[in-house]
2 protein chains.
Amino acid sequence: MPRIPADERRAALVHAALRVVAERGVAATTTRAIVAEAGMSLASFHYAFTGRDELMVELINTVVEQEERTLAPAMTSTTRPVSMRDAIRAGLAEFFSGVQRDPQREKAMFELTQYAMRTPGMEMLARRQYRRYYDLAASALEAASEMSEQDWTLPIDDVATVLVALTDGLTIAWLVNRDDAAAGAIMDFAADAVARLAADGRTGSLHPVPLERTSPS
Amino acid sequence: MPRIPADERRAALVHAALRVVAERGVAATTTRAIVAEAGMSLASFHYAFTGRDELMVELINTVVEQEERTLAPAMTSTTRPVSMRDAIRAGLAEFFSGVQRDPQREKAMFELTQYAMRTPGMEMLARRQYRRYYDLAASALEAASEMSEQDWTLPIDDVATVLVALTDGLTIAWLVNRDDAAAGAIMDFAADAVARLAADGRTGSLHPVPLERTSPS
DNA sequence: GTCTATAATGAGATAGAC
DNA sequence: GTCTATCTCATTATAGAC
């Protein structure tokens, strides 16, 4: 077999692992399944990685970067002014069509989050994963603000938190039920509701629908 | 060792399994871990169940019934008229305090859903689980409608779908980040947004904020 | 019915030849 | 560097004594 640089081998194994996770789930992603998918010997695995945990860490990092590259282009597509609601609805549709295109991959993302949450020493990986989601959502919301010429009436990070929660709920619902109409209803609701957190840029601090804070009981 | 009826033994093993899933995750829920938790021998397990899969099926069914008993009482607590927004906000707070009280259990629910989705022949268990969630949400929304004397402006099942998506997103966000303030912001948003799907009962068909359907592209 | 003992399988990891 | 062969361990499941 050809002599392959360690970096390439690591990358090949990580990508093979991602395919296995998507197709069969984290539980079935054994070192043997990974090397079979990559067409390598078991020993090559342990030459490239000290162990399975090291690969899983790199897998999660890789997968988050990929998510970034997949979603980032979708946000800056339109530049002409549109309503805030339509801008958000279009972004959600774009995201959701990605979920429909590769449901297994989306399932894998949730599984990897939970794997990280359950594995001692990897909790921060789950948080970093969501930190990236929030950043991506904030960028998308910033773009929507420019397109619609409206400003957010509360900190954009708060809106991003809400948007990610909505996309998580949307994705789980569709993965479980595969109900396109229900997913559409959730997206319609989300676009309407989130758009209401913005106000005309010119009016400045005018809050048409201020978000009341409920004091903790 | 005492002679225990098969039904009791099955129930004891299921409850032990639930504790193991909550504490250590589905992946660590081996037959050995279960019988150790239940204080039984390994052979007793295979006397009560034909195998691990049979127990997992019963575990998921049990856990969904429990969720029903835990959440149902919280919905009918208040009877005096309140605003729709406050009724929903209070229900969310009640749900969320349950998540805070036992985060591991909530993590377990997500893991069990994904386990069912990944296991051939168990996909319907995940759907049944969510079917119950939707029914529970619809009951809560019905109660909120009576309390606030407002009617839903779209089918209650659609509102229930949205509400479950929101609670899923809320729960995941908090499980990952443990950020109480962020969770509060999501709940405030959810209560405002969902309440806007209702209108005064007396005005009947008046839709203050009709939910536009976006036609599929 | 319940136990101990033990198959049978598959996992992660390593030794050592080439 | 890469391979085959093997070690060690944990798993599910069963056999057979009591």
Side-chain angles (χ1 to χ4, degrees), chain A residues 1-21 23-60 108 111-112 114-116 118-122 125, chain B residues 1-21 23-60 108 111-112 115-116 118-122:
Chain A
M1 279 290 173
R3 185 173 293 194
I4 300 173
D7 284 359
E8 272 181 47
R9 207 173 265 285
R10 285 173 70 98
L13 284 165
V14 166
H15 285 98
L18 178 54
R19 287 194 297 276
V20 177
V21 172
E23 276 164 38
R24 288 186 268 160
V26 169
T29 306
T30 65
T31 54
R32 302 180 123 87
I34 295 167
V35 296
E37 176 74 28
M40 290 183 202
S41 75
L42 190 51
S44 297
F45 179 95
H46 281 98
Y47 180 77
F49 292 98
T50 65
R52 189 175 174 270
D53 285 355
E54 194 182 292
L55 175 128
M56 293 302 286
V57 171
E58 199 153 307
L59 172 58
I60 293 173
E111 285 187 69
L112 287 171
Q114 290 186 342
Y115 171 81
R118 279 292 189 193
T119 308
M122 293 198 191
L125 287 181
Chain B
M1 278 289 170
R3 185 175 291 194
I4 300 174
D7 285 0
E8 270 181 48
R9 209 173 264 286
R10 285 172 70 96
L13 283 165
V14 165
H15 286 98
L18 178 55
R19 287 195 296 275
V20 177
V21 172
E23 276 164 37
R24 288 185 269 160
V26 170
T29 306
T30 65
T31 54
R32 302 181 114 84
I34 296 167
V35 296
E37 176 74 28
M40 290 184 201
S41 75
L42 191 50
S44 299
F45 179 94
H46 282 97
Y47 180 78
F49 292 98
T50 66
R52 188 174 174 272
D53 285 356
E54 194 182 291
L55 174 128
M56 292 303 284
V57 171
E58 199 154 308
L59 172 57
I60 292 173
E111 285 187 70
L112 287 172
Y115 171 81
R118 280 290 188 194
T119 307
M122 293 198 191

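Here is the naming used below: chain letters follow the sequence lines, and residue numbers restart at 1 for every chain.
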Starting at [atom1] of [X] and ending at [atom2] of [N], how long is that distance when rounded to a whole Å?
{"X": "F49(A)", "N": "dG1(D)", "atom1": "CZ", "atom2": "P", "value": "16 Å"}
{"X": "M40(B)", "N": "dG1(C)", "atom1": "CE", "atom2": "P", "value": "14 Å"}
{"X": "L13(A)", "N": "dA13(C)", "atom1": "CG", "atom2": "P", "value": "13 Å"}
{"X": "I4(B)", "N": "dC3(C)", "atom1": "CD1", "atom2": "C1'", "value": "13 Å"}
{"X": "Y47(B)", "N": "dC3(C)", "atom1": "OH", "atom2": "C1'", "value": "13 Å"}
{"X": "D7(B)", "N": "dG1(C)", "atom1": "CG", "atom2": "C1'", "value": "15 Å"}

Look at the side-chain N and O atoms of S44(A) and state whether any lies under 4.0 Å from the OP1 or OP2 oxygen of dT2(D).
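Checking dT2(D) against S44(A), no side-chain N or O comes under 4.0 Å of OP1 or OP2.
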Against the side chain of S41(A), the closest entry in dG1(D), dC3(D), dT2(C) is dC3(D)
dist L59(A):CG -> L13(A):CG (nearest 0.5 Å) comes out at 11.0 Å
Rounded to the nearest 0.5 Å, what separation is found between the CD1 atom of I34(B) and the CE atom of M40(B)?
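Interatomic distance, I34(B) CD1 to M40(B) CE, rounded to 0.5 Å: 11.0 Å.
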Reading nucleotides 13-18 of chain D from 5' to 3' and marking B where a protein heavy atom lies under 4.0 Å of the base, S where only the sugar-phosphate is that close, and - otherwise, the string is BB----
Ignoring hydrogens, what is the shortest heavy-atom contact between A116(A) and L125(A)? Give both atom names and the distance.
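Nearest pair, atom of A116(A) first, then L125(A): CB-CB, 4.2 Å.
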Stepwise, does the side chain to side chain contact (heavy atoms under 4.5 Å, CB included) test hold for F49(A) with T31(A)?
CA-CA 11 Å; F49(A) 292 98; T31(A) 54; over 6 Å; no
What residues form a salt bridge (charged side-chain N to carboxylate O under 4.0 Å, His left out) with E54(A), not counting sequence neighbours?
R10(A)
In the structure I gave you, are the side-chain heavy atoms of R118(B) and V26(A) within less than 4.5 Å of one another anywhere?
no
